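Keep in mind it's a predicted model, so treat the numbers as computed, not measured.
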Amino acid sequence: MIYRADINLKKKLFSMFENMNDTMILSCLQGYMGDAWVDDSKEPTVAQIIVGDFVFYAGNPNSKIVEELLYNIPEHSLIIVKTKEWKEKIEETHKGYIEKFKRYAFKKNPEHLDYNHIKKFLLELPYGYELKKIDESLAKEPSLQKLSEDFTGQFDSIEDYLNRGLGFCILHNGQVVCGASSYSIYDNGIEIEIDTDYKYRRKGLATIVASALILECLNRRIYPSWDAANTSSLNLAEKLGYVLEEAYDTYYVHYKK
């Protein structure tokens, strides 16, 4: 049997995840969003964190309850673990339903983000395009939600997103064609989500909208955390000033429930 952790139990899990430098772990353990599951409601030895599609494990991979935790996942999951033992357990358990690829983590140092360097990218907005902050009407705009539900999807509601989240988008002919938003939030920071309509890629729009979001974060003295899912995102992050820390293994697990 596994147990859903309340905020008090979550506080006990910080040390278990101390070697995993991912802000979505903080989002959960600090009580902002997501769920944590454990093997024991008093003294857990193994834990799982779920925020959106992202799943993290830490603790004892040989616990008798691990298999139940490994199947306690969304239909489409991105699983991240740190140790060789955990990787072997995931590859064994989900064999045939798994794809392994690299994501890219960056050093979380605000000094790497030069305000004036980033600001100049705002001047590159093409004629006929509009850069706007996501307000209530844009958060409910069908073209924004069609582009990516993850712009607002980790929040309890649109109202919750407007109160706690932050984002910008670019419009063309009244339709949202590119956006950058807070996938998740944590103490003094956000995790950035960016997407561009495939018909509007390679126009520099992602650079512009990301710059607007980063500058707003710097103005608010919160950190805009970036984690890249591919080399295109890696290159964009480095263009904006982020410094690569490491490439790490990620498992995409897909089941039809």
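Exactly one of Tyr32, Phe151, Phe54 qualifies for a ring-ring contact (aromatic ring centres under 6.0 Å, His included) with Tyr183. That residue is Phe54.
The structure places CD1 of Ile25 at 11.0 Å from CD of Gln30, a figure rounded to the nearest 0.5 Å. Note: His76 NE2 to Tyr255 OH = 12.5 Å, rounded to the nearest 0.5 Å. Interatomic distance, NZ of Lys89 versus NZ of Lys84, reported as 14.0 Å (0.5 Å rounding).
In this structure, the side chains of Val81 and Phe56 stay at 4.5 Å or more apart for every pair of heavy atoms. Residues Glu246 and Phe106 have side chains not in contact (no heavy-atom distance under 4.5 Å, counting atoms from C-beta outward).
With hydrogens and angles ignored, the 3.5 Å screen pairs a side-chain donor or acceptor of Arg201 with a backbone N or O of Thr196. Side chain of Asn163 to main chain of Glu159: a donor-acceptor pair is present (N/O by atom type, distance under 3.5 Å, no hydrogens or angles).
For His94 and Tyr71, the gap between ring centers is short of 6.0 Å. Aromatic ring centres of Tyr252 and His254: separated by under 6.0 Å.
Judged as a salt bridge (Lys or Arg N to Asp or Glu O under 4.0 Å), and not counting sequence neighbours, Asp53 has no contacts.
Minimum heavy-atom separation, Ser182 to Phe155: O-CE1, 3.3 Å.
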